[in-house]
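Nothing here was measured: the structure is a model prediction, and the numbers come from that model. Residues: numbered from 1 along the sequence shown. Side chains are part of it too, since the values below use all heavy atoms of this structure and drop only hydrogens, waters and symmetry mates.
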Amino acid sequence: AIRENACTLQFAAEDLRGDHEIVMAAVGKDPSVLEFAAKQLKGNRDIVLAAIQEDPSALKFATEDLRADRDIVMAAVARDGLALQHAAENMKKDKDVVLAASMKTPEWITSGDREFALMDKTGGLGAAWYAHRDLWADSDFVRRIAEICGDEWLHRAFRRLGLNTTLPPSSRKRRMEEVDGTRIARRRLDELVDERDTSARVEATLQEAQRENSDLEVTEKHKWESLTPEDMPTNVQAWLLNQHTFFPGARRLPGSWLRILSKTTRNIYFLNFGTGESTYDITKCFA
């Protein structure tokens, strides 16, 4: 029965939950059932690796020894950086591990629902949110995290973590360059809009924007659903320059607000590239 339905492992006898072959087959079907394996198998490298290859969050069910094992943790964060939250404290102090994890969660600002839902939890830092406090005293670590996630989110996270760490001058300069680059992208957007599509140059009212979004959900939904993640912009500037491509005929939103297409649901949400705020409520764009 366990081979057919992995979930039944939780109801199995102790000897079956301690059977290497049965548990290996079960975690191959459902990694979360590692929780119900016998303790000695939660500490078995082969079984834990098999589980985290399918679902890195299964790391939380491994024994403390394996959650403190660098190779095991690296294997988990290589697939999903947020698995760092389940690692032992010594791994959260390991700069290379935390940086590797952070590199696997680089698009939380623009990549859609899962990352958007994590904004409040991780302060916009993704995996770096789970780094041990001691690491934030390392100026090289701070600089590299700023390169990955951007200074704005780093400043916010510092406040939430109660840290007084300051960004290195080179990072502050880079932030200004990023802001200038986004402003240039906004100007280029105006230049690149098709002359026949002059409505895209005009800022919408709330009522117009609501109506246009409803129309887009009807006329463009099929095209959006046929897109692969690789077909979609991966950063704010790319979304700036492709507003008219993904949302044809739609008027501009006020200020620094952009329409963004969720990579998971293909629904529209809104990003303020000046503040980093994201929302599905269009009325907030006009507040």
Q. Salt bridge (charged side-chain N to carboxylate O under 4.0 Å, His left out) with Arg79: which residues, sequence neighbours excluded?
A. none

Q.
Using the side chain to side chain donor-acceptor pair (under 3.5 Å) criterion, which residues pair with Thr283? Sequence neighbours excluded.
A. Asp281

Q.
Using the side chain to side chain donor-acceptor pair (under 3.5 Å) criterion, which residues pair with Arg45? Sequence neighbours excluded.
A. Asp69

Q) What pairs with Asp134 under salt bridge (charged side-chain N to carboxylate O under 4.0 Å, His left out), at least two apart in sequence or on another chain? A) none

Q.
Filter on side chain to side chain donor-acceptor pair (under 3.5 Å), then keep only pairs touching residues 54-63, sequence neighbours left out; what's left?
A. Asp55-Ser57

Q.
Quick one, Tyr130 and Val98 - any side-chain contact, counting heavy atoms below 4.5 Å?
A. no

Q. Are any side-chain N or O atoms of Trp224 and backbone N or O atoms of Glu217, one a donor and one an acceptor, separated by less than 3.5 Å?
A. no

Q. Is there a side-chain contact between Lys221 and Arg266, using heavy atoms and a 4.5 Å cut-off?
A. yes

Q.
Can you list everything that forms a side chain to side chain donor-acceptor pair (under 3.5 Å) with Asn90? Sequence neighbours excluded, please.
A. none

Q.
The criterion is side chain to side chain donor-acceptor pair (under 3.5 Å); which residues satisfy it with Ser226, sequence neighbours excluded?
A. none

What donor-acceptor contacts under 3.5 angstrom involve side-chain atoms of residues 33-44, with partners at least two apart or in another chain?
{"unit_1": "Lys42", "atom_1": "NZ", "unit_2": "Glu35", "atom_2": "O", "d": "2.7"}
{"unit_1": "Asn44", "atom_1": "OD1", "unit_2": "Asp46", "atom_2": "N", "d": "3.1"}
{"unit_1": "Asn44", "atom_1": "OD1", "unit_2": "Ile47", "atom_2": "N", "d": "3.0"}

Q: Could you grab the distance from atom CG of Asp80 to atom CD of Gln85, nearest 0.5 Å is fine?
A: 8.5 Å

Q. Taking atom CZ of Phe247 and atom CG of Asn213, what is their separation to the nearest 0.5 Å?
A. 8.0 Å

Q. What do the steps show when you test Leu253 against Phe270 for side chain to side chain contact (heavy atoms under 4.5 Å, CB included), and what is the final call?
A. CA-CA 9 Å; Leu253 296 174; Phe270 311 97; 3.7 Å; yes

Q: Verify, without hydrogens or angle tests, whether Glu64 (side chain) and Ala88 (backbone) share a donor-acceptor contact under 3.5 angstrom.
A: no

Q) Can you name the residues that form a ring-ring contact (aromatic ring centres under 6.0 Å, His included) with Phe61, not counting sequence neighbours? A) none

Q: Name all residues meeting the salt bridge (charged side-chain N to carboxylate O under 4.0 Å, His left out) criterion together with Lys93; count only those two or more places apart in sequence or in a different chain, and write none if there are none.
A: none

**Q.** Listed partners of Thr228 passing side-chain contact (heavy atoms from CB on, under 4.5 Å), at least two apart
**A.** Glu230, Asp231

